[in-house]
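Step one of this worksheet: look at the structure below.
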Amino acid sequence: GAVVSQHPSWVICKSGTSVKIECRSLDFQATTMFWYRQFPKQSLMLMATSNEGSKATYEQGVEKDKFLINHASLTLSTLTVTSAHPEDSSFYICSASGGRQGWYFGPGTRLTVL
Amino acid sequence: AQKVTQAQTEISVVEKEDVTLDCVYETRDTTYYLFWYKQPPSGELVFLIRRNSFDEQNEISGRYSWNFQKSTSSFNFTITASQVVDSAVYFCALSGYSGNTPLVFGKGTRLSVIA
């Protein structure tokens, strides 16, 4: 099946710093990418949907100025958590869709903000 | 709006028992996809099945089987002869038919299989 990678797989940062997470579709062109957040013992919650070359669409309650999403190419989307705080500590998972090829999930990035 | 309900928060079974995980969904779409994923402690989602709304045939894959009933909006998942390695959180999910619609997840069911 298709492969989606995320980098880094885990990151620890200090409060107030920014962290960038990359999501790449390795063997197909992803016209749409999705970013999810998963807190411990909870489900995956959609944060935003991004289409290549367009601005991301954010879910209600997700601050677009805090979670910057860039989908500059058909194989790469980035999520930048700006001025991270401990409450942003979570498991971030991206999903890439290449149309009828289906949806493929990355392995996730565990963010810990101290 | 789409919604997925997994009423069972946690299930504990003894090895070799059969276990069924329930999933009920709501959607106004006439065409859609249903999914099941396994999430082991590592966190990485493991894809188990995707079923489109046109196909109500039950499916069996080894010890896994799925029962899709459109009349009751349910897509239940059964593990036969459970094993300790089946211990994980299982998520049911729903999406529109287009690839630019996201998956909506249920809250998940944590399955513990005890040796």
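So that the names make sense, note that chain A is the first sequence line, chain B the second, and so on, each numbered from 1.
Clustering ILVMFWY residues whenever any of their side-chain heavy atoms sit less than 4.5 angstrom apart, transitively, puts B:Leu94 in the very cluster that holds B:Leu21. Each of B:Tyr90 and A:Met45 belongs to its own hydrophobic cluster when Ile, Leu, Val, Met, Phe, Trp and Tyr are linked at side-chain heavy-atom distances under 4.5 angstrom. Residue B:Ile79 is grouped with residue B:Phe68 when hydrophobic side chains (ILVMFWY) are merged at heavy-atom distances under 4.5 angstrom, including chains of intermediate members. Hydrophobic cluster membership differs between B:Tyr25 and A:Leu44, with clusters built from Ile, Leu, Val, Met, Phe, Trp and Tyr side chains linked at under 4.5 angstrom. Note on A:Phe34: it clusters hydrophobically with B:Phe35, by side-chain heavy-atom contacts below 4.5 Å among ILVMFWY residues.
Nearest heavy atoms, B:Gly99 versus A:Ser97: O-OG, 2.6 Å. Minimum heavy-atom separation, B:Asn100 to A:Thr49: O-CG2, 4.4 Å. Shown here for B:Lys107 and A:Ser43, the closest heavy-atom pair between the two residues is CA-CB, 3.7 Å.
Residue B:Ser95 touches chain A through its side chain alone, counting heavy-atom pairs closer than 4.5 Å. The part of A:Leu46 that comes within reach of chain B is its side chain, from C-beta onward, which places non-hydrogen atoms under 4.5 angstrom from that chain.
Heavy-atom contacts from other residues, nucleotides or ligands closer than 6.0 Å to CD1 of B:Ile60 number 12 or fewer. Summarising the local packing, CD of A:Glu87 is surrounded by more than 12 heavy atoms from other residues, nucleotides or ligands at distances under 6.0 Å. The number of heavy-atom neighbours closer than 6.0 Å to NE2 of A:His85, taken from other residues, nucleotides and ligands shown, is above 12. Other residues, nucleotides and ligands place no more than 12 heavy atoms under 6.0 Å from the NZ atom of B:Lys3.
The structure places OH of A:Tyr36 at 5.0 Å from CG of B:Leu103, a figure rounded to the nearest 0.5 Å. Note that the OH atom of A:Tyr104 and the CG atom of B:Leu45 stand 14.5 Å from one another [nearest 0.5 Å]. Atom CZ of A:Phe91 sits about 6.5 Å away from atom CD of B:Gln39, to the nearest 0.5 Å. Between atom NZ of residue A:Lys41 and atom CD of residue B:Glu10 there is a gap of 7.0 Å, rounded to the nearest 0.5 Å.
The only member of B:Phe105, B:Tyr33, B:Tyr37 that meets ring-ring contact (aromatic ring centres under 6.0 Å, His included) when paired with A:Trp103 is B:Tyr33.
Residues of residues 70-78 of chain A lying under 4.5 angstrom from chain B, judged on non-hydrogen atoms, do not exist.
Counting heavy atoms from C-beta outward, B:Phe91 and A:Gln38 have side chains that approach closer than 4.5 Å.
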